[in-house]
Amino acid sequence: MTHWLSIAVPTPAHSGLGEPLTYASPAPLPPGSIVRVPLGAREVLGVVWGEAPAPPPELVAQVRPVAGVFDGLAPLAAEWRQLVAFTARYYQRALGEVALAALPPQLRGLSGVQMARRLKRPPPAAAPGVEIAIDNEALTADQTGALAQIDQQSGPFLLFGTTGSGKTEVYMRAAARALAARADAQVLVLVPEINLTPQLLARFAARFGDAAVVALHSGLTPAQRLAAWLAAHSGRARIVLGTRVAVLASLPGLALIVVDEEHDPSYKQQEGARYSARDLALYRGKLCGAKVILGSATPALESWHASEPAPDGPGRYLRLAMPRRVGVAADADPLAGLPRVRRVDMSRQPKGTLIAPPLLAAIGERVSRGEQALLLLNRRGWAPVLHCADCGWKSECPHCSAYRVFHKIDRTLRCHHCGFTQRVPRACPDCGNLDIGTLGRGTEQLEERLAELLAGVARPDGQPARIARIDADSTRGKGRLEASLADVHAGAVDVLVGTQMIAKGHDFRRVTLVAAVNPDAALFSSDFRAPERLFALLMQAAGRAGRDAAQGAASEMWVQTHHPQHPLFVALKAHDYPGFAAQQLTERAQAGLPPFAHLALLRAEARGQEAAQGFLAALARQAQDALAADPALAAALAQVTWYPAVPLAVQRVANIERAQMLLESPSRAALQRVLAACQPLLHALRSEHRAIVRWAVDVDPLAV
């Protein structure tokens with residue numbers, strides 16, 4: 001007897017084949033089974049979504065059979081399939097694309113026989129009972145109160161804890177309680193970036209045992225990722241710690257989800273299905289009855305607004321406040337253990353000053369006492385632009401509407417958008433002037449200049465100050481980041497220079513001074529989220545100082561700025577996130593911006609800017625005509641504002657022109673209905689507009 005199955009497969013991008021396809025099988029297969037099926041000339045991985053209706057007799061011969069089944073591999077749970085279906089629907093992507101992207105890449109290259117052979121291998125020692133070693137250190141009053149609420153309430157919870165308040169300990173205690181409550185319980189812990197994974201993994205492994213904890217992120221080898229996924233899918237791994245990709249992992253016993261640094265933009269995927277792992281974590285918790293903890297010292301404004309008390313009760317999230325650092329008495333001023341924020345007015349400094357003299361003196365004092373300083377400059381390379389003062393030539397990328405960055409270490413001009421790299425010219429390419437110079441500063445230049453400025457400063461042992469740099473360039477090789485961080489933790493570095501990579505999550509016990517060298521660029525950005533991102537970055541950076549309670553009172557955060565009285569820096573000086581959030585939310589409410597409205601971006605890429613914008617303009621015309629004529633969609637269309645198509649801020653990358661069109665609505669449901677109705681129009685227009693390379697829908701975009 002032939003069984004007809006509906007199977008999700010990775011259909012080609014923009015093919016229009018978004019729904020599961022029908023295949024024939026000699027035996028019934030339960031939903032969630034992982035199979036191999038033919039698709040065109042290839043054989044691909046697929047997921048059984050359910051039974052399919054029998055095809056018409058004349059089409060039966062065209063239905064292809066299932067090629068293989070992964071026997072012995074438990075089917076993917078119903079909650080997992082619901083999560084994937086929601087992700088595809090909400091973020092406007094094909095079901096099979098999302099489902100198969102959530103599976104480990106190596107699985108696609110295995111046959112059913114190879115998988116059966118792999119499953120016969122003895123698994124690593126399981127941890128059925130999970131030996132949980134609770135630290136003897138006493139919890140703070142804030143930690144105790146937060147854990148009591150997590151025990152008693154259903155959540156979701158917004159753990160608003162200042163840097164150094166012990167949020168990680170709350171996560172681990174909550175995880176221990178969830179695992180103890182149910183023998184098959186699992187915990188998912190999300191972190192924003194790979195570089196934060198090793199230290200948190202070590203803490204969880206020390207608490208729960210190596211066999212109980214696995215990491216899941218894109219930095220693993222294909223074999224490591226498959227092994228971690230199988231451990232999670234089988235339930236052997238009781239705790240899965242990973243980046244945004246882990247939110248779609250198969251965890252049949254999921255009981256608790258933790259999203260650490262929940263405000264971080266790294267949780268938003270920027271290609272393919274542009275999902276937010278934080279938002280999916282909340283949806284997944286609701287699906288499977290798992291508690292969800294969002295943790296941050298600077299929550300996303302959407303999360304903060306959702307945790308504001310409503311007129312008739314609490315907000316959608318239950319806010320748990322931990323305002324004091326560990327080591328600060330419960331009745332003390334919450335600011336007591338936080339670094340003092342000092343603003344340096346750079347307009348009063350000599351022109352061209354890189355490090356203001358007072359800041360330089362403070363760094364020297366810290367080094368001479370055996371303490372560490374951290375300098376944040378969110379721009380890598382030596383200088384962002386090379387230029388000729390005679391003719392005005394600048395180091396523009398020939399393939400992008402951006403400048404190539406000057407990297408002095410290897411004497412190259414490198415585009416950070418397309419990767420195009422050339423040797424630095426000996427003279428101006430336009431006029432031959434030999435005296436070409438730089439504009440702006442990057443981390444390479446800061447590192448070199450600091451070495452010169454601190455040449456006379458000695459450590460307590462009489463040795464010269466040691467300066468290191470951590471950014472995407474210095475940590476490119478395998479193991480380089482881990483080695484650099486280990487040097488900082490071991491005290492082998494006195495002054496650490498870096499980009500935002502060094503500002504998040506790290507527990508540098510010897511750092512007592514943090515300085516933001518040039519943070520002003522984000523103050524006047526056209527992106528309405530830029531102030532929120534800058535405030536979060538600076539607060540997180542400040543949190544690296546004084547994490548040792550004995551040094552907290554003497555720690556400092558310096559900010560070099562031309563606008564010391566800007567409200568953002570005033571709030572930063574007071575460590576006043578609630579005040580900053582209130583001011584930003586007032587402005588957003590007045591402007592009708594998120595969280596008081598919902599946005600989507602339609603993006604198009606083509607060989608010419610005119611073609612890209614023309615494609616989007618044609619969509620807007622057709623959509624408004626077609627949707628207005630449909631009574632079922634006209635009401636939704638009336639609630640959506642369409643803005644004209646415009647170029648992106650960096651409009652050309654790798655010789656491809658990029659344009660976008662913004663859609664805005666006070667109703668999330670109305671916006672979703674309109675976007676779904678646009679899908680067939682987009683596919684039809686693509687065949688008419690041959691110049692279009694690709695198009696994409698970005699729901700809830702982070703950068704507008």
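The analysis underlying the following values was restricted to heavy atoms, covering all of them including side chains, and did not include hydrogens, waters or symmetry mates.
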*Asks:* Between T298 and A536, what is the shortest heavy-atom contact and its length?
*Replies:*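 Looking at all heavy atoms of both residues, the shortest contact is OG1-CB, 3.5 Å.
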*Asks:* List the steps, then state whether salt bridge (Lys or Arg N to Asp or Glu O under 4.0 Å) holds for R658 with E605.
*Replies:* CA-CA 5 Å; R658 311 186 303 167; E605 299 181 7; 5.1 Å; no
*Asks:* Among all residues two or more places apart in sequence or in another chain, which pass the side chain to side chain donor-acceptor pair (under 3.5 Å) test with E43?
*Replies:* R36
*Asks:* Of T22, V63, L29, which meets side chain to side chain contact (heavy atoms under 4.5 Å, CB included) against L5?
*Replies:*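 The option that passes is L29.
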*Asks:* Begin with the C-alpha distance, continue with both residues' side-chain angles, and end with the deciding distance and a verdict on side-chain hydrogen bond (donor to acceptor under 3.5 Å, both in side chains) for S303 and E262.
*Replies:* CA-CA 9 Å; S303 300; E262 66 88 29; 2.8 Å; yes
*Asks:* Between L485 and F508, does the side-chain contact (heavy atoms from CB on, under 4.5 Å) criterion hold? Intermediate values first, please.
*Replies:* CA-CA 9 Å; L485 291 173; F508 299 134; 3.9 Å; yes
*Asks:* Which pair of heavy atoms, one from F204 and one from A175, lies closest together, and at what distance?
*Replies:*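 Heavy atoms of F204 and A175 come nearest at CE2-CB, 4.5 Å.
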*Asks:* Among D471, D264, L537, which one satisfies side chain to side chain contact (heavy atoms under 4.5 Å, CB included) with Q500?
*Replies:*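 With Q500 as partner, D471, D264, L537 yield a single side chain to side chain contact (heavy atoms under 4.5 Å, CB included), made by L537.
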*Asks:* Of all heavy-atom pairs between A281 and V292, which one has the smallest distance, and what is that distance?
*Replies:* O-CG2, 3.7 Å
*Asks:* Write down the atom of A146, the atom of L320, and the distance for their closest heavy-atom approach.
*Replies:* O-CD1, 3.8 Å
*Asks:* For S296 and H263: C-alpha separation, side-chain torsions, deciding distance, then whether side-chain hydrogen bond (donor to acceptor under 3.5 Å, both in side chains) applies.
*Replies:* CA-CA 7 Å; S296 178; H263 66 279; 2.8 Å; yes
*Asks:* Should T443 and N378 count as side-chain neighbours, where that means a heavy-atom distance under 4.5 Å?
*Replies:* no
*Asks:* Once rounded to the nearest 0.5 Å, what's the spacing between atom OG of S307 and atom CZ of F160?
*Replies:*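 Going from OG on S307 over to CZ on F160, the span is 9.0 Å.
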*Asks:* Does the side chain of Y275 come within less than 4.5 Å of V699's, by heavy atoms?
*Replies:*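 They are not in contact (no side-chain heavy atoms under 4.5 Å apart), so the answer is no.
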*Asks:* Please determine whether ring-ring contact (aromatic ring centres under 6.0 Å, His included) holds for the pair H683 and W695, giving the CA-CA distance in whole Å, both sets of side-chain angles, and the decisive distance to 0.1 Å.
*Replies:* CA-CA 10 Å; H683 289 292; W695 54 264; 5.4 Å; yes
*Asks:* For a 4.5 angstrom cut-off between non-hydrogen side-chain atoms, does M501 reach L481?
*Replies:* yes
*Asks:* Let me see the working for L200 and V189 under side-chain contact (heavy atoms from CB on, under 4.5 Å), right down to the final yes or no.
*Replies:* CA-CA 10 Å; L200 202 58; V189 181; 4.3 Å; yes
*Asks:* Salt bridge (Lys or Arg N to Asp or Glu O under 4.0 Å) between D260 and R278: does it pass, once the steps are laid out?
*Replies:* CA-CA 9 Å; D260 191 27; R278 178 197 65 207; over 6 Å; no
*Asks:* Please step through side-chain hydrogen bond (donor to acceptor under 3.5 Å, both in side chains) for the pair T243 and H217, ending with a clear verdict.
*Replies:* CA-CA 5 Å; T243 53; H217 54 75; 5.5 Å; no
*Asks:* What's the separation between atom CG in L282 and atom NZ in K286, rounded to the nearest 0.5 Å?
*Replies:*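 Those atoms lie 10.0 Å apart.
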*Asks:* Give, for atom CZ of R108 and atom CD1 of I34, the distance between the pair rounded to the nearest 0.5 Å.
*Replies:* 11.5 Å
*Asks:* Assess whether a salt bridge exists between R533 and D527, defined as any Lys/Arg side-chain N lying under 4.0 Å from an Asp/Glu carboxylate O.
*Replies:*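 The answer is yes: the pair qualifies as a salt bridge.
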*Asks:* Does S25 reach the main-chain N or O of P28 with its side chain, forming a donor-acceptor pair under 3.5 Å?
*Replies:*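 No; judged by distance alone, with no hydrogens or angles, the pair does not exist.
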*Asks:* Are R244 and Q269 close enough, and set up right, to give a side-chain hydrogen bond (donor to acceptor under 3.5 Å, both in side chains), and what steps lead you there?
*Replies:* CA-CA 8 Å; R244 63 175 177 261; Q269 176 83 2; 2.6 Å; yes
*Asks:* If I take atom NZ from residue K291 and atom CG from residue L256, how far apart are they, to the nearest 0.5 angstrom?
*Replies:* 8.5 Å
*Asks:* Does some side-chain heavy atom of V84 sit less than 4.5 Å from a side-chain heavy atom of F86?
*Replies:*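 Heavy-atom side-chain distance check fails, nothing below 4.5 Å.
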*Asks:* Using modelled atom types and a 3.5 Å cut-off, is there a donor and acceptor pairing between side-chain atoms of E193 and backbone atoms of S266?
*Replies:*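 No: the side chain of E193 does not pair with the backbone of S266.
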*Asks:* Distance check, rounded to the nearest 0.5 Å: F70 atom CZ versus L110 atom CG?
*Replies:* 5.5 Å
*Asks:* If only atom types and distance count, is the side chain of R238 paired as donor or acceptor with the main-chain N or O of A185 below 3.5 Å?
*Replies:* yes
*Asks:* Can you tell me if E261 uses its side chain to pair, donor with acceptor, with the backbone of G295 under 3.5 Å?
*Replies:*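 Side chain of E261 to backbone of G295: no pair is present.
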*Asks:* Got a sec: does the CD of E51 have more than 12 other heavy atoms crowding it under 6.0 Å?
*Replies:*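 Open: at most 12 neighbouring heavy atoms sit under 6.0 Å from CD of E51.
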*Asks:* Can you tell if the side chain of L599 reaches within under 4.5 Å of the side chain of D700, non-hydrogen atoms only?
*Replies:*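 SC-SC contact between L599 and D700 ruled out.
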*Asks:* Hey, what do you get for NE2 (H399) to CG (N655), rounding to the nearest 0.5 Å?
*Replies:* 5.5 Å
*Asks:* Is a side-chain donor or acceptor of Y283 paired with a backbone partner of T87 at a separation under 3.5 angstrom?
*Replies:* no
*Asks:* Would you say the side-chain atoms of Y267 pair up with the backbone N or O of L190, donor to acceptor, closer than 3.5 Å?
*Replies:*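 Side chain of Y267 to backbone of L190: a pair is present.
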*Asks:* Pair R203, E169 - check side-chain contact (heavy atoms from CB on, under 4.5 Å), show working.
*Replies:* CA-CA 10 Å; R203 289 190 66 178; E169 183 62 30; 4.2 Å; yes
*Asks:* Verify side-chain contact (heavy atoms from CB on, under 4.5 Å) between L100 and L107, making sure each step is shown before the conclusion.
*Replies:* CA-CA 10 Å; L100 276 300; L107 202 59; over 6 Å; no
*Asks:* Answer yes or no: is there a donor N or O on one side and an acceptor on the other, between the side chain of H233 and the main chain of A74, under 3.5 Å?
*Replies:*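 Between the backbone of A74 and the side chain of H233 there is a qualifying donor-acceptor contact (under 3.5 Å).
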*Asks:* I'd like to know if the side chain of Q672 and the backbone of Y90 have a donor-acceptor N/O pair within less than 3.5 Å.
*Replies:*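 Such a contact is found between Q672 side chain and Y90 backbone.
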*Asks:* Does the R93 side chain pair with the main chain of R89, one donor and one acceptor, at a distance under 3.5 Å?
*Replies:* no
*Asks:* Do L158 and P299 come within less than 4.5 Å of each other through their side chains, counting heavy atoms only?
*Replies:* yes
*Asks:* Ignoring hydrogens and geometry, is there a side-chain-to-backbone donor-acceptor pair from R81 to L76 under 3.5 Å?
*Replies:*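 Yes, R81 side chain to L76 backbone: donor-acceptor pair under 3.5 Å.
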*Asks:* For residues E79 and C288, determine if any side-chain heavy atom of one lies less than 4.5 Å from a side-chain heavy atom of the other.
*Replies:* yes
